[in-house]
2 protein chains.
Amino acid sequence: MNIREVAKRARVSTATVSRTMNGSDKVKPATAARVRKAIEELNFLPNSHARTLVSGKSHILGLIISDITNPFFPDLVKSFEDEAVQRGKEVIIGNTDYNPKRMAGCIRRMVERKVDGVAIMTSESDPALVAELTRRNIPTVFMDTGKPGPHCANIRVDYGQGIQEALQHLIALNHRRIAFITGPMNLASAQTRCSVFVSTLKARGIFDEALIEKGNHRIEGGAIAMRNFLKLPRRPTAVIASNDLTAIGALGVIHEMGMSVPEDISLIGFDDIAFAHLTNPPLTTILLSRRQLATMALAALDALIQGNRQSLTDLTIPTHLVMRSSTRAI
Amino acid sequence: MNIREVAKRARVSTATVSRTMNGSDKVKPATAARVRKAIEELNFLPNSHARTLVSGKSHILGLIISDITNPFFPDLVKSFEDEAVQRGKEVIIGNTDYNPKRMAGCIRRMVERKVDGVAIMTSESDPALVAELTRRNIPTVFMDTGKPGPHCANIRVDYGQGIQEALQHLIALNHRRIAFITGPMNLASAQTRCSVFVSTLKARGIFDEALIEKGNHRIEGGAIAMRNFLKLPRRPTAVIASNDLTAIGALGVIHEMGMSVPEDISLIGFDDIAFAHLTNPPLTTILLSRRQLATMALAALDALIQGNRQSLTDLTIPTHLVMRSSTRAI
DNA sequence: CGCCTGCATGTAATCGTTTACATCAAACCC
DNA sequence: GGGTTTGATGTAAACGATTACATGCAGGCG
C-alpha cells in the first residue's frame, strides 16, 4: 500500500496525493476530495521513513533519562510526551541505566533515527558523548547540567531556592539542629543542594558538621544516614534529605526506632515524587516540577530547531517547598 | 554524510560498504578493514530510515500502555526495553491516557513508523482499533486481554492464583470476615480478581455480600471503600484490594481512624508496585511480575514476527502472594 | 485571434540504503 | 590451454515519499 495506489484510484498523480495530504500546495477542492476518498477507502497511511528520507525531518524527539523506574522520571516522560504529541512530534526514550556505555548506545540510536532534537536528563552525562550530538548539529537541551553552545541549550534548576525555603520554614518553627542527608556527591545537582544547605546555615551561625551524612538517593542510603543521626549525643530535631527516596528511608528508621514524625523529628524531602503524599505522615518536600521542566525543554528544543536562539535567555526552573505534615514546631 | 562518501574514501562501491556493515556477504578482509577505517574516520552512522525503507524491517517495537505515571508500568517499560535492546530492537512507547482517541493515534503512529510488532497492555482496548493492526499484518501481542488470531497472541494473567493464595493465607490466620475492594468493573482484569474472590469464599461458605465495595484502582477509591467497611456493624477483619493503590488508600483511612495494620485489620494489595514495601507497615501483596510479562511478550512477538506460531501454546503468567507485614492472625 | 498569465496537475529526480544481477579475475580441472 | 567454477566487487534498480520543474488548459486582453 503506497501513494501510487492511492494516486491510481483517485486518477491523479502521486504529486497530487502528496499535496493533498500535506495541504501546503493548491489542489482543486474536487480533486482533493477524490484523493481523500481514495485514502479513506484504501485505509492508507504514509510511510514515515520515506517521508523522513526525502524531507530530512523525522519529527522525532529523543529523551534520554537515567532510569524510568526512578519515580522522578515517569512524570517527566509523560509531560514531555504530551507536549511533543501536541506539536506533532514523537518521542523515543533512551534509558541509560546510569551506564555510560548505554548512554553511547542511546546517542547512536538517536543519530541513526535522525531525531530532530534531544533532551537529556541523566546524572552521568559524559561531555565526550554529548559532543557527538553537537558535532552532528543535532539540537540538544540539557535539563539541569550541561553547557549551552551553538546547538545546545541548558536549563538551570534552582535547587537553592527550595532548600532555602525549607530552611526558613524549619527555622521559623524554632529548629536549630537541622541535619542534611546528601545524594551521591559525584552528581552536580546533589552537590548544589548540599552546598546551599551548608552555606545558608553557616550564614545563620547554626551549622554543625556532624549533621551532614552521605546518602545515595536511594532508600537504604537514607536509612543508614538516619541511624547515624540517631546515635548522636545531640540528635538533630529536623532532617532535610537530598531526595524523597532518601527521606522515605529515614522515615522508616525513625518509625523502627519507635519515634515518630513530626512529633520527635521533622523531615523534609526533595523532588515531590508521587508517593511523597502517601507516606505516613504525608511528606513535606521540595517540588521540582517535571511538567515545567518538560515544557521548557520542549520550548528550548523548538527554538534551537528553528534556529531562534534569542528566546533562550533565561532558562531557569524554580523549586518550591510543599508543606504537608512531616514538620512541626518545637 | 552517507554511504557514498564512505565508499569513495575507501575506494570501493557502496555495495561493498553496505556488505561490510551488515557482515552478511563475503568481503575480503583487507577491503573490509579499509571500509571500517573510512567509517571510523568519517564517523559514519547509517540512516535507519533509508534502511527501513528498502528492507521493510524497522527493528522498532511498539509498546502501548495506559499511563506511564501509573506505578505499575515503569517496571514493565523498563523490562520490555531491556529485552528489546538486547535483541537489537528499539521501542517506541504509546501512552493512551485511558483515552480511546489517543489509542487510535498511537496505533496510527505505530503503523506509520512501520513497527515490526506491537505489545499492548491497556485497560480500555477497543477491538476495532486493534483490528487495524491485524488487518495490516502487524504482529500484536496483548498482555492480559485480547483474542489470539493469525498475527496476534494473547498472554493470560492468572489473577486467580494470587487471590486464592491470599485467601488461603488469611483463612489460615483464622480470618473469616474478609472484604474485597474491587477495581473499575469495566476492566476485564478487575472483574476476574473480584469473581475469583467471590467464588472462593462462596465455596468455603464464608461469603458476605456486604464485604464487597467498589473502588477505582486509585487511592481515593480505596479510602472511600474502607470508610464504608469501618461503618459496618460487623467489620471485616481482613481486606484484599484489587490493586496496591487501593490498598494504600485503605491503609490511610485505617490510620486516620486511629486503628492499625495488621493489629486491627489485615490488608493485602495487588500488583506489588515499587512502593508496596515502603508503606508502614510494608504491604503484603500479590505480585504480577512485569519482567516475566515483558519477557513473554517479547518472545511471543518474536515468534509472530518469525511466523513461528507453534511456540505460542501456553502463554500464562502466574501471580503470587508476597508476604510482608500487613497481615496477622486473629 | 494570438499571446500571456496563472492555476492545477503531471513528470521525474531525489533522499540513503540494500541487493539481485553483472562483471571480472584468479584458480582449477582435464 | 580453454572452459568452468569460485570469490570479490561493482552497477543499478528498487523502497515510498516530496518537490522543482514542466506542461497544459482556461481565461483575459489588445
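Letters go in sequence order (proteins before strands), and every chain restarts at 1.
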Inset, instruction - Would you tell me if any nitrogen or oxygen in the side chain of B:Thr31 comes within less than 4.0 Å of OP1 or OP2 on D:dT9? - result: yes
Inset, instruction - Residues of residues 40-52 of chain B with any non-hydrogen atom less than 4.0 angstrom from an atom of DNA chain D: list those, numerically ordered, please. - result: none
Legend entry - Nearest-Å distance for atom pair CD1/P, residues B:Ile39 and C:dT17: 10 Å
Inset, instruction - Rounded to the nearest angstrom, tell me the gap between atom NZ in B:Lys57 and atom P in D:dA14. - result: 22 Å
Inset, instruction - With sequence neighbours left out, write down each residue that passes salt bridge (Lys or Arg N to Asp or Glu O under 4.0 Å) with B:Arg36, or none if nothing qualifies. - result: none
Legend entry - Set of residues satisfying salt bridge (Lys or Arg N to Asp or Glu O under 4.0 Å) with respect to A:Arg109, sequence neighbours excluded: B:Glu90
Legend entry - No-hydrogen, no-angle side-chain donor-acceptor test under 3.5 Å, B:Ser18 and B:Asn22: yes
Legend entry - Positive for side chain to side chain donor-acceptor pair (under 3.5 Å) with A:Lys78, one of B:Asn70, B:Asn95, B:Asp97: B:Asp97
Legend entry - A:Arg4 side-chain proximity, nearest of D:dA8, C:dG10, D:dG16: D:dG16
Legend entry - Of B:Leu53 and B:Pro29, the one whose closest DNA chain D nucleotide lies more 5': B:Pro29
Legend entry - Residues which pass side-chain contact (heavy atoms from CB on, under 4.5 Å) with B:Asp302, listed by chain and number, not counting sequence neighbours: B:Arg87
Inset, instruction - Can you tell me the distance, in whole Å, between the CD1 atom of B:Ile3 and the C1' atom of C:dC15? - result: 13 Å
Inset, instruction - Would you mind reading off the distance between A:Met21 atom CE and D:dG16 atom P, rounded to a whole angstrom? - result: 13 Å
Inset, instruction - Please identify each residue that fulfils side-chain contact (heavy atoms from CB on, under 4.5 Å) with B:Pro318, with sequence neighbours left out. - result: B:Gln161, B:Gln292, B:His320
Inset, instruction - Nearest whole angstrom, please: distance from the P of D:dC15 to the CE of A:Met1. - result: 15 Å
Legend entry - Protein-nucleotide distance (A:Lys114, atom NZ; D:dA17, atom C1'), rounded to Å: 17 Å
Legend entry - Axis bend over the full length of the helix from C:dC1-D:dG30 to C:dC30-D:dG1, computed from five pairs that close each end, to 10 degrees: 60°
Taking only nitrogen or oxygen atoms into account, show me every contact under 3.5 Å that the protein makes with nucleotides 11-14 of chain C, one pair per line with its distance.
none

Legend entry - B:Ala10: partners by side-chain contact (heavy atoms from CB on, under 4.5 Å), with sequence neighbours left out: B:Val12, B:Val35, B:Ala38
Inset, instruction - For A:Glu112 and C:dT17, give me the distance from atom CD to atom P, rounded to whole Å. - result: 10 Å
Legend entry - B:Asp271 (side chain) donor-acceptor with B:Ile273 (main chain) under 3.5 angstrom: no
Inset, instruction - Using a heavy-atom cut-off of under 4.0 Å over every strand shown, decide if A:Val17 touches base, sugar-phosphate, or nothing. - result: nothing
Legend entry - Short side-chain donor-acceptor distance under 3.5 Å, B:Ser58 and B:Asp116: yes
Legend entry - ring-ring contact (aromatic ring centres under 6.0 Å, His included) partners for A:His49, two or more places apart: B:His49
Inset, instruction - Say whether, by atom type as modelled, one donor and one acceptor occur between the side chain of A:Thr20 and the main chain of A:Val17 under 3.5 angstrom. - result: yes
Legend entry - By side-chain contact (heavy atoms from CB on, under 4.5 Å) - contacts of B:Ala119 (at least two apart): B:Leu63, B:Phe80, B:Val141, B:Met143, B:Leu301
Legend entry - Spacing between B:Lys28 atom NZ and C:dC24 atom C1', to the nearest angstrom: 13 Å
Inset, instruction - Output all residues satisfying salt bridge (Lys or Arg N to Asp or Glu O under 4.0 Å) with B:Arg4, sequence neighbours left out; order by chain, then residue number. - result: none
Inset, instruction - Would you check if the side chain of A:Arg290 reaches a backbone N or O of A:Leu288 as a donor-acceptor pair within less than 3.5 Å? - result: yes
Legend entry - Under 4.0 angstrom between A:Asn22 side-chain N/O and D:dT18 OP1 or OP2: yes
Using the 3.5 Å cut-off, write out each protein N or O paired with an N or O of nucleotides 23-28 of chain D and the distance between them.
none

